[in-house]
Amino acid sequence: MKQNALKGALRTVLQRRRAMLNPADYGFTRLVPQGRRPAGGGLSQTQVDDILGFGRGTYERLENGRYNNAPEYVLRSVGELFKLNPHEWVWLWRMTWHHDPPKPIYPEQNDELDGTWQQVIDSVPHAVYITNHRWDVVAFNSHFPRLFPGQEHPANTMEYMLLDPAARRLLPDWDSAWAPFIVPQLWAGRAAYPDDDRIADIVRRVVADPVTGPYYRDFGPVFVHPDGTCRPFNHPEHGIGWVSLATSSPLSSSRFITMTMIFTPGAERPVSPPPIRAT
């Protein structure tokens, strides 16, 4: 798609959102000479600058697709003023930066997941669970508890895999096939959410643990997600085998991770399926 078409689409959407805002609601009692006012009324471009504390012409550059690499605070300020929903926020970033935003526009909305996802995971014939960014298990299907003795699944997968001795019996070759690959995920979570007390507490306990502490201080290959890996697993019902892992994240709630665990019984590692390639 040509850049002019992208700029035109961005301009049209932002003009429409501007037109929905009444200048009187923001203390403007008369028209200002500078800046275009959208057809049908609404805020002018310079009024947007004044409300948000921008220098004159800042918003006009954004609306007309001439503000390359606009800072996050500019996009966030405009998004909050225009009351963009999470989908529109993603759209704005893709139209300006050509990738998804680093953070949701309203963090509290990213802590909620549409209930349809429970129906999705219930329809999968393998163990599936959903965690938040703290690795708390927030949803799962009927196959997931069967992976654990007595069908007592952990409340937090990171705590279980790194701090619960029972995990080292369930996960064969824990010290070579599991721990070195799990610890970098904890590092990445700590870096992504430096102010999260819950993650900080897990890190503190892992560092203090005599078994897991050395892995945290000197882990193996950097590996920040388990997608596509196959690891040994001691299934309570089916015995020794392997689990192939596949992860995904809902577009509207990036703090949630969906994990599918496909178990294959037997001592021999299953052959990986061929990769799916974009055409």
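Just so you know, these numbers come straight off a predicted model, no measurement behind them. Just so you know, these numbers use all the heavy atoms, side chains as well, and skip hydrogens, waters and symmetry mates.
Distance check: Asp227 CG to Ser248 OG gives 8.0 Å after rounding to the nearest 0.5 Å. One distance of note links CZ of Arg94 with CG of Leu6; it measures 13.0 Å at 0.5 Å rounding. In this structure, CZ on Phe263 lies 7.5 Å from CZ on Phe233, to the nearest 0.5 angstrom.
In terms of heavy-atom proximity, Lys7 sits nearest to Gly65 at CE-O, 3.2 Å. The shortest heavy-atom contact between Pro250 and Leu113 is CG-CD1, 3.5 Å.
Below 30°, between 30° and 60°, or above 60°: for His133 and Tyr193 the angle between ring planes is between 30° and 60°, a tilted geometry. Ring orientation note: the planes of Phe144 and His153 are tilted relative to one another, at an angle of 30° to 60°. Using the six-membered ring where Trp is involved, His235 and His238 have ring planes that are tilted, between 30° and 60° apart.
Looking at Phe181 and Thr229, their side chains never come closer than 4.5 Å, going by heavy atoms from C-beta outward. Taking the side chain as every heavy atom from C-beta outward, Pro232 and Arg269 never approach each other to under 4.5 Å. A 4.5 Å side-chain heavy-atom check between Ile130 and Ile121 finds at least one atom pair inside the cut-off.
Cation-pi check for Arg231 over Trp178 is met; the charged atom lies under 6.0 angstrom from the ring centroid and within 45 degrees of its normal.
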Exercise answer: donor-acceptor pairs, residues 164-174 side-chain atoms, under 3.5 Å, sequence neighbours excluded:
from: Asp164; atom 1: OD1; to: Ala166; atom 2: N; distance (Å): 2.9
from: Arg168; atom 1: NH2; to: Leu162; atom 2: O; distance (Å): 3.3
from: Trp174; atom 1: NE1; to: Met161; atom 2: O; distance (Å): 2.8

Tell me, with the steps shown, if Asp49 and Gln45 meet side-chain hydrogen bond (donor to acceptor under 3.5 Å, both in side chains). CA-CA 7 Å; Asp49 285 333; Gln45 293 171 332; over 6 Å; no

Passes salt bridge (Lys or Arg N to Asp or Glu O under 4.0 Å), Asp196 versus Arg190? Steps please. CA-CA 8 Å; Asp196 193 296; Arg190 184 71 173 123; over 6 Å; no

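Partners of Asn141 under the side-chain hydrogen bond (donor to acceptor under 3.5 Å, both in side chains) rule, at least two apart in sequence or in another chain, do not exist in this structure.
The pair Arg17-Glu63 fails the salt-bridge criterion, with no side-chain N (NZ, NE, NH1 or NH2) lying under 4.0 Å from an Asp/Glu carboxylate O. Looking at Glu88 and Lys83, no side-chain N of the basic residue comes within less than 4.0 Å of a carboxylate O on the acidic one, giving no salt bridge. For the pair Arg205 and Asp209, the salt-bridge criterion is not met [side-chain N within less than 4.0 Å of a carboxylate O].
Under the 6.0 Å cut-off for aromatic ring centres, Tyr67 and Tyr59 do not qualify, their centroids lying 6.0 Å or more apart. Annotation: Trp135 is not in aromatic contact with Tyr160 [ring centroid separation under 6.0 Å not met].
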